[in-house]
Amino acid sequence: MRLWVCIALLSVVLCVSADRPRIVDKIVGAGKFVRDAAGGARDMLRAYQDMREANYKGADKYFHARGNYDAARRGPGGAWAARVISDAREGWQSRVSGRGAEDTRQDQEANRWGRSGGDPNRYRPKGLPSKY
């Protein structure tokens, strides 16, 4: 009886430590990408809500950079979500709001800075409450 228990335990240990088939790794990777993308979208939403709450003149670029930075830190899925959301928002804003090409260019620069891992505080205006 003990021999069978030992064989069963050894089999379990060997199966758990064995390499997974590639398809399983791809499925797990796809799931991680989707989780990262969803988390990145939440990061972007949180930055937008903070920007609206702060209502602080000159803080727009900081919140752009911070949202992209937080999202991209999650991984490729987060960086993808940040890029898609940023591009869609800037595309819509440039057509509808009339703020102009220069404002869009500066926003996109802050977006890229944050996504590439640059410190969002580069765009932080003096006097913005430390809560943000």
Side-chain angles (χ1 to χ4, degrees):
M1 179 68 177
R2 260 189 252 188
L3 176 63
W4 290 113
V5 170
C6 288
I7 291 172
L9 288 174
L10 181 60
S11 296
V12 169
V13 168
L14 288 175
C15 287
V16 168
S17 66
D19 287 337
R20 294 185 290 204
R22 275 191 216 158
I23 187 72
V24 173
D25 286 337
K26 290 192 181 288
I27 291 169
V28 169
K32 181 174 177 359
F33 184 89
V34 170
R35 276 192 313 275
D36 290 348
R42 282 190 306 271
D43 292 333
M44 296 293 286
L45 176 62
R46 187 174 44 252
Y48 176 74
Q49 289 170 333
D50 286 349
M51 180 178 71
R52 301 285 298 193
E53 179 185 307
N55 195 26
Y56 197 86
K57 188 172 176 101
D60 178 46
K61 307 303 181 260
Y62 165 73
F63 287 108
H64 278 270
R66 196 193 82 189
N68 278 269
Y69 176 81
D70 291 343
R73 287 188 49 163
R74 291 181 180 274
W80 174 81
R83 187 178 62 254
V84 167
I85 292 168
S86 295
D87 290 348
R89 181 179 184 278
E90 291 307 319
W92 176 82
Q93 183 177 317
S94 67
R95 285 189 304 274
V96 174
S97 75
R99 290 195 178 164
E102 183 60 22
D103 185 62
T104 296
R105 187 194 64 73
Q106 290 174 351
D107 285 351
Q108 287 290 42
E109 178 185 308
N111 292 336
R112 281 190 297 275
W113 177 261
R115 268 196 312 272
S116 69
D119 184 2
N121 288 315
R122 171 184 184 177
Y123 296 98
R124 185 182 188 88
K126 291 195 184 305
L128 181 67
S130 61
K131 172 184 178 183
Y132 306 109

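Note: hydrogens, waters and symmetry copies are ignored here, and every other heavy atom, side chains too, is used. Residue numbers run from 1 in the order of the sequence given.
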*For the residue pair K61 and D103, establish whether any side-chain heavy-atom pair is separated by less than 4.5 Å.*
yes
Which atoms form the tightest heavy-atom contact between [X] and [Y], and what is the distance?
X   : Y    : answer
G67 : A47  : CA-CB, 3.6 Å
D70 : D43  : O-OD2, 3.1 Å
A71 : A82  : CB-CB, 3.8 Å
A41 : A81  : N-CB, 4.1 Å
G58 : P125 : O-CG, 3.8 Å

*Shared hydrophobic cluster, W113 / Y48 (ILVMFWY, side-chain heavy atoms < 4.5 Å)*: yes
_Cluster link I23 to V28, ILVMFWY, side chain under 4.5 Å_ = yes
N/O donor-acceptor pair under 3.5 Å between [X] side chain and [Y] backbone:
X   : Y    : value
Y62 : Y132 : yes
R95 : G91  : yes
R66 : R124 : no

_Nearest-0.5 Å distance that lies between atom CG in L128 and atom NZ in K57_ = 14.5 Å
*asked:* Are there over 12 heavy-atom neighbours, none belonging to R73, within less than 6.0 Å of that residue's CZ?
replied: no
*side-chain contact (heavy atoms from CB on, under 4.5 Å) assessment of Y123 paired with E109*: CA-CA 11 Å; Y123 296 98; E109 178 185 308; 3.3 Å; yes
*asked:* Name the residue from R83, E90, M44 that meets the side chain to side chain contact (heavy atoms under 4.5 Å, CB included) definition with N111.
replied: E90
*Step-by-step salt bridge (charged side-chain N to carboxylate O under 4.0 Å, His left out) determination, D50 to R46*: CA-CA 6 Å; D50 286 349; R46 187 174 44 252; 5.4 Å; no
*asked:* Under a 3.5 Å cutoff, is there a donor and acceptor pairing between the side chains of H64 and N68?
replied: no
*asked:* side-chain contact (heavy atoms from CB on, under 4.5 Å) for R42 and L45? Distances and angles first, verdict last.
replied: CA-CA 5 Å; R42 282 190 306 271; L45 176 62; 5.5 Å; no
